[in-house]
Amino acid sequence: MSKPFRVVLAGCGGISAAWLNAVKEMPGVELAGLMDIRVEAARRRRDEFQLARAVAGDDLTAMLRTLKPDVLFDCTIPEAHFATTLLALRHGCHVLGEKPMADSIEHAKKMAAAAKKAGLVYAVMQNRRYQKEIRAYRGLLAGGRLGALTTLNCDFYIGAHFGGFRDGMKHVLLLDMAIHTFDAARFISGADPVSVFCREWNPPGSWYAHGASAMAVFEMSGGIVYNYRGSWCSEGLNTSWECDWRATCARGSAAWNGGGLFRAERVVRGGGFLSKCEDVPVKVPPGAKQGGHKGCIADFLDCLRKGRAPETACQDNIKSLAMVFGAIESAGAGRPVKIRA
Ligand SMILES: NC(=O)c1ccc[n+]([C@@H]2O[C@H](COP(=O)([O-])OP(=O)(O)OC[C@H]3O[C@@H](n4cnc5c(N)ncnc54)[C@H](O)[C@@H]3O)[C@@H](O)[C@H]2O)c1
């Protein structure tokens, strides 16, 4: 068995519990430190997760210097990802950081360049692509039974009352949530973004300060069109967090509710006004990857051990972030814009 990775986790707020739960019984992880600018938050997590041997502190530079971790888990707020990641890379740490990768494309490019220059891995937590159902949906579309994918639609409608930093955040839906969905769209379609036309607004009755709703049409590589409709202030008839999806392919269609429900049909006889179709079963493969945070962290550590690039490596994930900033730019300009990552 190889030596365990020494890990420091920065940012001991809400999401850090998902990370600490995920690594609780994960072999090969030694939690050396917990850091937060509010030291009481770091101490609380240390006590709650019974990590008596972990140092709790509020000075990341000092902790990186003295604890010499191999890996930093960055669970800080989006505006702190840039500085936190660059600091960890300067101290020779690989980084797995929460989404969104950064608060601007310029910052994200600098982070990717710094990781490359340091010869270290920086990857992003995209826990939703580790769900076994999304892999089954992607597998169906990639398998060719429905013909080539031409159009991908998804709806995200959840009335989420968080409180906290999201309430006052600009572009809250696009920046904080749609990054998951756009990354899932790239994963499901196997295509990369080319351009986008987006309308973003804050509907009457929204409890957010800005941008709780958005609709965006993306042109993807291979001529695929991807449509996104979403709202974080929509009460009733909530979709799943993973969205309701519909894929139109050359010889059939497939729907997925983001959970365990799939429906797919393919043409068995054409030539009439409506083609005759048959159901296509969708199977979630047994032994699929572990889901969520646990799956993403385990895969990241396995990549470090084996020298593989994680599928959410910053060099790839920046394309999902570019969809977010492209949508924001388009909404501001009121016209379609090219997407550059
Ligand atoms: N992957 C997911 O499903 C998922 C879900 C929720 C949140 N997130 C992401 O996780 C990140 C944190 O979100 P949260 O909900 O835990 O927020 P939060 O406000 O609950 O916690 C953030 C913590 O970071 C600390 N912090 C702020 N700046 C810091 C800095 N420079 N150094 C160290 N600590 C700092 C704060 O004191 C706070 O304790 C965000 O990027 C968010 O988008 C991801």
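The basis for the numbers below is simple: all heavy atoms, side chains too, and nothing from hydrogens, waters or symmetry mates. We count ligands from 1, going down the list as the structure has it; atoms in each ligand are counted the same way.
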- prompt: Of the backbone atoms (N, CA, C, O) and the side-chain heavy atoms from C-beta on, which set of Leu60 has a member under 4.0 Å from an atom of ligand 1: side chain, backbone, both, or neither?
  reply: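 Within the 4.0 Å criterion, Leu60 makes no contact with ligand 1.
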- prompt: Taking heavy atoms and a distance under 4.0 Å, where does Ala18 meet ligand 1: side chain, backbone, both or neither?
  reply: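 Under 4.0 Å from ligand 1, Ala18 contributes no heavy atoms.
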Would you mind checking if [Y] and [X] are paired as a salt bridge, meaning a charged N to carboxylate O distance below 4.0 Å?
X: Lys99; Y: Asp176; answer: yes
X: Arg246; Y: Asp155; answer: no
X: Asp183; Y: Arg129; answer: yes
X: Asp302; Y: Lys306; answer: yes

Test: [X] cationic atom under 6.0 Å from [Y] six-membered ring centre, within 45° of axis:
X: Arg308; Y: Phe300; answer: no
X: Arg335; Y: Phe197; answer: no
X: Arg166; Y: Phe162; answer: yes

Residue and atom name of the nearest protein heavy atom (relative to [atom]), distance in Å to one decimal:
atom: atom 26 (N) of ligand 1; value: Ile37 CG1, 3.8 Å
atom: atom 22 (C) of ligand 1; value: Ile77 CG2, 3.8 Å
atom: atom 15 (O) of ligand 1; value: Arg166 NH2, 3.5 Å
atom: atom 11 (C) of ligand 1; value: Thr76 O, 3.2 Å
atom: atom 37 (O) of ligand 1; value: Asp36 OD1, 2.7 Å
atom: atom 1 (N) of ligand 1; value: Asn127 OD1, 2.9 Å
atom: atom 5 (C) of ligand 1; value: Ile15 CD1, 3.2 Å
atom: atom 19 (O) of ligand 1; value: Phe165 CD2, 3.6 Å

If you count the atoms of ligand 1 from 1 in the order shown, which ones are under 4.0 Å from a heavy atom of [X]?
X: His180; result: 1 (N), 2 (C), 3 (O)
X: His293; result: 1 (N), 2 (C), 3 (O)
X: Pro78; result: 40 (C), 41 (O)
X: Gly11; result: 24 (O), 34 (N)
X: Gly14; result: 16 (O), 18 (P), 20 (O), 21 (O)

For [X], state whether at least one heavy atom is located under 4.0 Å from any atom of ligand 1.
X: Gly164; answer: no
X: His81; answer: yes
X: Ala10; answer: no
X: Glu79; answer: no

- prompt: Quick check: does any side chain N or O of Ser330 sit under 3.5 Å from a backbone N or O of Gly326, one acting as donor and the other as acceptor?
  reply: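 No; judged by distance alone, with no hydrogens or angles, the pair does not exist.
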- prompt: For the side chain of His210 and the backbone of Val172, is there at least one donor-acceptor N/O pair under 3.5 Å apart?
  reply: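 Answer holds: no.
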query: Crowded around Arg266 CZ? As in, over 12 foreign heavy atoms under 6.0 Å?
result: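 More than 12 heavy atoms, drawn from other residues, nucleotides or ligands, come within 6.0 Å of this atom.
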- prompt: Are more than 12 heavy atoms from other residues, nucleotides or ligands located less than 6.0 Å from atom CZ of Arg6?
  reply: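 Enclosed: over 12 neighbouring heavy atoms sit under 6.0 Å from CZ of Arg6.
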query: Does any N or O atom in Asp176 lie less than 3.5 angstrom from one in ligand 1, N or O only?
result: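 Yes, since at least one N or O of Asp176 sits under 3.5 Å from an N or O of ligand 1.
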message: Within this structure, what is the SG-CG distance for the pair Cys249 and Leu149, rounded to the nearest 0.5 Å?
response: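 Atom-to-atom, Cys249:SG and Leu149:CG are 5.0 Å apart.
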